Amino acid sequence: MKKYLPSNFESHWIKIWESEKVYKTTHSKNKEKKYILDMFPYPSGAGLHVGHPRGYTATDILSRYYRLNGYNVLHPMGWDAFGLPAENAAIKAKTNPKKIVPENIENFKRQMKMLGFSYDWDREFSTTDTTYFKWTQWLFIQFFKMGLLYKKNTPINYCSSCKTGLAEEEVLPDGSHERCGKPIVKKELPQWIFRITKYADELLQSLEGLEWPRGILEMQRNWIGKKEGVNIDYMIKGHKDVVTCFTTRPETNFGATFVVVAPEHEIVQKILDGKEYRLQIGEETVSKIREYVAQSQSKKTREREMENKVKTGVNTNLTVVNKLNNKEIPLYISDFVLSGFGTGAVVGVPAHDTRDYDFALSFNLPVVSVVVGNAATELPTKNTSSVYEGEGIMVNSEFLNGLSTQEAKKQIISYLVEKGWGESKTSYHLRDWIFSRQRYWGEPIPIIFCKTCHKNKVSYFETIKNSDDSDKISDFRQEVKDDLYGYFPLSEKELPLDLPDVNNYEPLESGKSPLAGMPTFVNTVCPHCKGAAERETDTMPNWAGSCWYFLYFARNEEEGAKKQADLDMKSYWEQSLRRDFDKFMPVDWYMGGAEHAVLHLLYARFFMHAMYDINLVSHQEPFFRLRNVGMILAEDNRKMSKSLGNVINPDDVVREYGADALRLYEMFMAPFSQEITWSTRTLQGTYRFLKRIYNLSVAYENYENEVDYTIGEYSMLSNKLAQTIQKVAGDIVEIKFNTAVASMMEFLNLWEEVAKKNKFALSKDDLSSFLRILSPFAPFMTEEIWRNVLKNKVSIHSGDWPIVESSKLQKQEIVLPIQINGKMRSTINVTVPSTQEEIQIKALTDPVVKKHIGERKIIKTIYVPSKIINFIV
RNA sequence: GCCCGGGUGGUGAAAUGGUAUACACGUACGCUUGAGGUGCGUAUGCCGCAAGGUGUGGAGGUUCAAGUCCUCUCCCGGGCACCA
């Protein structure tokens, strides 16, 4: 008898599937589509580790399942290959990333094929391909044209180890860089900035329709951080200046006892520079303020935030007027107020805000309570040593007294607005997206800067004015116009703007990208005045390529190629690409790690929303359904890493146990989204499972139909299969692969038992059905039996999902549990359907039941059909 | 501090309010094998010789019936955090 040796046939089938084009994307008009996508990997030099295939196997199972069910399935794979790791590896190896990346990709691809993933490799591409990134650059230009980008000198998060600026999202809570773990400093550099905040509300709203894990949705909501409140104006006494404070609790305003501004607040400079101010407060105070501002600027952001409770600050000796009660309250400067949130100024209500309270304690400021707890028993207390931040009833607040906080809020807002002292305002935690990186290995930003045109205030937007532009876009342009005099995008014909070969990839000490050191790259001609001009030398962040790759997978190059040659980029997009996108977008199933909860998922959503607004795509949301794959830890319960030497390589596992066993194991171990610890032992269990099936199946080479499959245990086995088929189908689309595998194991256990009496206990048809439901999980072994034992000509993966006869799903006899007073006492075998009377009579003849009831009387009987019977005595 | 997850055998874990521990691993004993890091069989939550009792982090509650629903509480993991 043949033995189960996966190495005997796995590599053979990889070649056959490839030559037969079994996994080619179809788009028949009479079929529905499913777009099933993995978060494409960064092709590192280390190759795949055993954690990668967990997510890839899941999407592979889904893809195969939907193919068998007759869908047009798009299941592509590509490479997110720009970014620091490749660049750093190249620097180390003294070579160009352009050389390293293709080698890494080859290795990744080999491993993925080895694992039997059914990607349509015709659609593969890398973000570093010029054919792809010319479009990324083209999109940048479209966004530039719509006024969604601006360039500005900004204090940014800068990693001095990686020598590049970073986005807010790339900074970890401890103030380190999420990639390299080194500390981040603030540095002022000219940066391209994406106005993602313009989409904050939209990005928040449209989370509603997405089938994403709740936690991820919550994290996106928190990151966008929408807060509704009121901006209230405070006039500085004796001066014309106004300090505007943002508050979400305007109803507590009668309890305001001070106002604090951030050291970066514009009023601070005014006070320091203004003669009248200096005269009023005296030079001593001026130097105190100056000292405090300098001090807090030298602190790293994180230091400022970590200090927490101990509040520092400085009194300006100025007062502002609370117009509500005409009280004068002091104006302070403190770095506990963040310049980036709200207005950078806060009104202090120490009785109802812990931070304000702490500040009041430090500076001996009065505390005025204006809210008391909701319960009528809680009367206003003089004891203000504790802060009350909850809802309640208003006191000490003139016309608000006696109202609930909610009602008071409504009234005070309309009062403030009516008087012109304040306005409703929404604030967001989301910051604009810093899009410049001072590194080599990224898409060059396709912009030219002309000093002459800058001086002459030539705006590119004036040259492209069009009456068709929407109000939204006109507004966008107007808002960035002043920051962009002299900046022009490249023309389509100049795309792609490729990366030149350079000798040194190290970023320059000036904080500029290595490209800045290449005059041949930098110097160019101004598209407007034809004078000398310079190219932008910063590159895009590594997120750029992943912001729209999912669209590009949907293109059909064979059909589009001819058109592409004849059309300009815009027309090609409109007439060819967009139609292809519409066939498959949005993504139906998106799989990847939860670590991308905000970064990639937010950026990609933003790109789509923006593209939708300039009519480049038909959907706003790229990923309809998202599922997270749990991490695989090494056997020592730590993250797998090269430096710890605990990495399990899939090549080794496949050599010993085969790809099918690895796939099955990773699906079986635990619920899909859960973190698991690698266990070779458990993998041996799934290997045994496959081996047992193989051993039972090979006998069918000499199959003879000598069994009546409609009777006894043979029909029971067939019914069990029908139930298993249904269970597996349901589990796959619910991403419950572990129980899907378990149910197939259950079936095998029964099959083996019956097969002891007859090796053909399972009909040939049923065997083929079982192989077909197993085939998404174990594509190699099922194909081997399908073709070499059952002698089928066409691949099992091109077939159909088995149809279940509903008659086989209905059980005829079940084991019914009997409870007495709610406690399980016995079981009886009953045929279904049966009436309650029949069951009751049978149940009461059961000796165990008789014994437990004894002399007692039955008061009540609860019977749940086919579930349980419960006697209350 | 706030917001999400999650606590079930020796282990990974199952369970539309209806037999708690399916499936797998491990362990023990037995058989098979020249040999086993093979294959097969039996047992395996805990206490108990048994009858039986008890058991899903803890305490209450709803229900004929609770791992599942409600209230309070403890612990672990993740995210956010001087966000006004």
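Just so you know, these numbers come straight off a predicted model, no measurement behind them.
Residue-to-nucleotide proximity on RNA chain B shows that, of A:Ile872 and A:Lys756, the 5′-proximal contact is made by A:Lys756. Each of A:Met669 and A:Gly225 was matched to the nucleotide of RNA chain B holding its nearest heavy atom; the match closer to the 5' end belongs to A:Met669.
Other residues, nucleotides and ligands place more than 12 heavy atoms under 6.0 Å from the CD atom of A:Gln836. Few gaps surround CD on A:Glu635; more than 12 heavy atoms of other groups in view lie less than 6.0 Å from it. Within a 6.0 Å sphere centred on CD of A:Glu211, other residues, nucleotides and ligands contribute more than 12 heavy atoms.
Counting distance only, with no hydrogens placed and no angle test, the side-chain atoms of A:Asn222 and the base atoms of B:C80 include no donor-acceptor pair under 3.5 Å. The base of B:U38 is not paired with the side chain of A:Lys691 by any donor and acceptor separated by under 3.5 Å.
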Polar atoms only, N or O, under 3.5 Å: list the protein pairs with nucleotides 20-25 of chain B and their distances.
from  : atom 1 : to       : atom 2 : distance (Å)
B:A22 : O2'    : A:Glu746 : OE2    : 3.1
B:A24 : OP1    : A:Asn749 : ND2    : 3.3
B:C25 : OP1    : A:Arg688 : NE     : 3.2
B:C25 : OP1    : A:Arg688 : NH2    : 2.8

Polar-atom pairs under 3.5 Å, protein N or O versus N or O of nucleotides 5-8 of chain B: list them with distances, or write none.
from : atom 1 : to       : atom 2 : distance (Å)
B:G5 : OP1    : A:Arg214 : NE     : 2.7
B:G5 : OP1    : A:Arg214 : NH1    : 3.4
B:G5 : OP1    : A:Arg214 : NH2    : 2.5

- Test side-chain hydrogen bond (donor to acceptor under 3.5 Å, both in side chains) on A:Gln840 and A:Tyr863 and set out the steps. CA-CA 9 Å; A:Gln840 215 163 311; A:Tyr863 174 61; over 6 Å; no

- Message: The test is side-chain hydrogen bond (donor to acceptor under 3.5 Å, both in side chains); show your working for A:Arg825 and A:Asn870 and say whether it passes.
- Response: CA-CA 10 Å; A:Arg825 291 301 181 185; A:Asn870 189 2; over 6 Å; no

- Task: In sequence, state the C-alpha distance, the side-chain angles, and the governing distance for A:Asp432 and A:Thr197, and then conclude on side-chain hydrogen bond (donor to acceptor under 3.5 Å, both in side chains).
- Result: CA-CA 6 Å; A:Asp432 272 341; A:Thr197 49; 2.6 Å; yes

- Message: Go through it in stages, so that I can follow the logic: the residues are A:Thr680 and A:Tyr657, the test is side-chain hydrogen bond (donor to acceptor under 3.5 Å, both in side chains), and I'd like the CA-CA distance, side-chain angles, deciding distance and then a yes or no.
- Response: CA-CA 10 Å; A:Thr680 304; A:Tyr657 300 100; over 6 Å; no

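The same atom, C1', is picked in B:G53 and in B:G60; the two are 23 Å apart, to the nearest Å. Across the P atoms, B:G18 and B:G37 are found 45 Å apart, a figure rounded to whole Å. Going from the C1' atom of B:G67 to that of B:A14 covers 11 Å, rounded to whole Å. B:U27 and B:G10 have their P atoms separated by 16 Å, given to the nearest Å. Nucleotides B:G1 and B:U56 have their C1' atoms positioned 31 Å apart, rounded to a whole Å. Distance noted for atom P between B:U71 and B:C4: 14 Å (whole Å). Spacing of C1' atoms, B:A28 relative to B:U62, comes out at 44 Å, to the nearest Å. The gap from the C1' atom of B:C25 to that of B:U44 amounts to 13 Å, rounded to the nearest Å.
Under the 3.5 Å distance criterion, with hydrogens and angles disregarded, a donor-acceptor pair is assigned to the side chains of A:Asp233 and A:Thr244. Using a 3.5 Å distance cut-off with no hydrogens or angles, the side chains of A:Asp846 and A:Ser826 do pair a donor with an acceptor.
Applying the 4.0 Å criterion to OP1 and OP2 of B:U54, one finds that A:Lys823 has a side-chain N or O inside that range. For A:His352 and B:A84, the shortest distance from a side-chain N or O to OP1 or OP2 is not below 4.0 Å.
Whole-Å rounding puts the A:Met219 CE to B:C2 C1' distance at 14 Å. Put simply, NE2 on A:His596 is 14 Å from P on B:G79, counting in whole angstrom units. The CG atom of A:Leu601 sits 15 Å away from the P atom of B:G79 (whole-angstrom rounding). In this structure, A:Arg825 places its CZ atom 16 Å from C1' of B:G18, rounding to the nearest Å. Between the CG atom of A:Leu217 and the P atom of B:G78 there is a distance of 21 Å, rounded to whole Å. What separates CG of A:Asp636 from P of B:U11 is a distance of 19 Å, to the nearest Å. As a whole-Å value, the separation of A:Glu753 CD from B:U42 C1' is 13 Å. The CD-C1' distance, from A:Glu752 to B:G39, rounds to 11 Å in whole Å.
For the pair A:Asn315 and A:Leu331, the tightest heavy-atom approach, listed with the atom from each and the gap, is OD1-O, 3.4 Å.
Using a 4.0 Å heavy-atom criterion, one finds that A:Lys736 contacts the sugar-phosphate atoms exclusively. In this structure, A:Val598 reaches neither bases nor backbone, as no heavy-atom distance under 4.0 Å exists between it and the strands shown. When heavy atoms are screened at a 4.0 angstrom cut-off, A:Lys867 is found touching base atoms of the nucleic acid. Nucleic acid contact for A:Pro213: none, since no nucleic acid atom lies under 4.0 Å from a heavy atom of the residue.
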- Spell out protein contact along nucleotides 29-34 of chain B as letters: B when the base is contacted, S when just the sugar-phosphate is, - when no protein heavy atom is under 4.0 Å; keep the 5' to 3' order. ------

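Listed nucleotides: B:C82, B:A81, B:U19. Nearest to the side chain of A:Lys311: B:C82. Of the candidate nucleotides B:A14, B:C3, B:C64, B:A14 has the atom nearest to the side chain of A:Pro671. Checking B:A81, B:G18, B:U19 against every side-chain atom of A:Val864, the shortest atom distance belongs to B:G18. Side-chain atoms of A:Trp223 lie closest to B:C80 of the nucleotides B:C80, B:A51, B:A84.
Between A:Phe770 and A:Phe747, the ring planes are tilted. Angles from 30° to 60° get that label. Ring planes of A:Phe341 and A:Phe246: perpendicular class, angle over 60° (limits at 30 and 60°).
Base orientation for B:G17: anti, the chi torsion being more than 90° from 0.
When both pairing distances are held under 3.5 Å, B:G26 makes a Watson-Crick or G-U pair with B:U44. With a cut-off of 3.5 Å on both pairing distances, the Watson-Crick or G-U wobble partner of B:C2 is B:G79. With a cut-off of 3.5 Å on both Watson-Crick or G-U wobble distances, the partner of B:U38 is given as none. With a 3.5 Å ceiling on both atom-pair distances, the Watson-Crick or G-U wobble partner of B:U71 is B:A59.
In this structure, the ring of A:Phe689 has its center no less than 6.0 angstrom from the ring center of A:Phe668. Aromatic ring centroids of A:Tyr665 and A:Tyr687 lie 6.0 Å or more apart.
Judged by the 6.0 Å and 45° rule, A:Lys311 forms a cation-pi pair with A:Phe336.
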